[in-house]
Amino acid sequence: MRRGMDVISALQFSRSDIEEFFTVVEEIRRRVESEGRLELARGRTLFTAFFEPSTRTRLSFQFAMIKLGGSVVDLGPEEVTSRAKGESPEDTLRTVDSYNPDVIVVRHWEPGFAARAAEICRAPVINAGDGYNEHPTQALLDAYTIWRMLGGIDGVTVGLMGDLKYSRTIPSLIYTLSNFKDITVYFISPPQLRPREEVLKVLDQRGVRYEFTRNLSEVISRLDVLYVTRLQRERMNQDEYERLKGSYTISLNMLSRHERIPLIMHPLPRTWELATDVDQLPQAVYFEQARNGLYVRMGLLKIILGV
Ligand code: NCD
């Protein structure tokens, strides 16, 4: 990881990148906890351009930049921009890039959009989600959460449950984990929601062990982490959604039947797949995970800005 880099795919990071990055994040965390707001990014500007809805990713990047002492400009919702007049996202980015932001964070519904944005823009571009493709900064915060909670990532067994076909957090997370030793992945989903071939191919190349199951109960006792995702309604047609709605879910009652409950993670937002009664379990770390997003994004901005 280096000053001025674009962050487009989780595949661009090696094990040593990730481990060095975690130490930067830990240091930032310590400093924020004692000093509150830092002054590292004074005079620098972050531009956030979200062409798809977002709460955590957009706001944690904005908070991260402000806590580093920098400024934030947000594109705002469609109604108040020329998008409403039919301007392309490419033209919008080209224009704002000419105002010289120091970093651009972009989210868009089209797979591959972030890579294109990075070609258009002079400023470093961070992919905050490009369609079903990838969400590399979510993967960094997910891996950081696992590393912090379990004391390391080598040897970890992870169950990935839900919409593994269209959730972009899934490829990015497994690409990140694949840098570590002795990783086992269980894909827990209806057959229609298994990961796409191109994703499995990367796991094959990287020698990650994986298995498919429909049934969480079969594998739960082997898991260190259960990572759940919502059905990506916006990426499928209405019929497909109605057919698959409710096809997987976890609740306190269901988890309590098992002797050993793994860490429960979720990128959020949740819908019906994760009952709110699970929140009371000490293993439920999804809000902690979201909070880690702040420190992880501060660390990333610090490196990209070279401050
Ligand atoms: C995820 C996303 O946008 O891909 N949200 C997030 O960034 N935490 C997950 C989702 O929307 O399901």
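Indexing begins at 1, ligand by ligand and atom by atom, following the structure's order. Quick note: numbers below take in every heavy atom, side chains included, and nothing from hydrogens, waters or symmetry partners.
Residue R230 has at least one heavy-atom neighbour below 4.0 Å for each of these atoms of ligand 1: 10 (C), 11 (O), 12 (O). Using a 4.0 Å cut-off to heavy atoms of P269, the atoms of ligand 1 that qualify are 10 (C), 11 (O). The atoms of ligand 1 that sit less than 4.0 Å from any heavy atom of T57 are 6 (C), 7 (O). Below 4.0 Å from some heavy atom of H135 lie the following atoms of ligand 1, by number and element: 2 (C), 4 (O), 6 (C), 7 (O).
A cation-pi contact links R297 to F61, judged by a cut-off of 6.0 Å to the six-membered ring centre and 45° from its axis. With a 6.0 Å cutoff to the six-membered ring centre and a 45° limit on the axis angle, R233 counts as a cation-pi contact of Y241.
Among L268, D130, T137, the residue whose heavy atom lies nearest to atom 9 (C) of ligand 1 is L268.
Between Y210 and Y186, the distance separating the two ring centers is not shorter than 6.0 angstrom.
The distance criterion of under 3.5 Å between nitrogen or oxygen atoms is met by R168 with respect to ligand 1. Between R56 and ligand 1, no pair of N/O atoms sits closer than 3.5 Å.
Counting heavy atoms of neighbouring residues, nucleotides and ligands inside a 6.0 Å radius, atom CZ of R42 does not exceed 12 of them.
Between L93 and F47 the shortest side-chain heavy-atom distance falls below 4.5 Å. You'll find the side chain of D154 reaches within 4.5 Å of the side chain of R15, heavy atoms only.
Only the side chain of Q232 comes within 4.0 Å of ligand 1, judged by heavy-atom distances.
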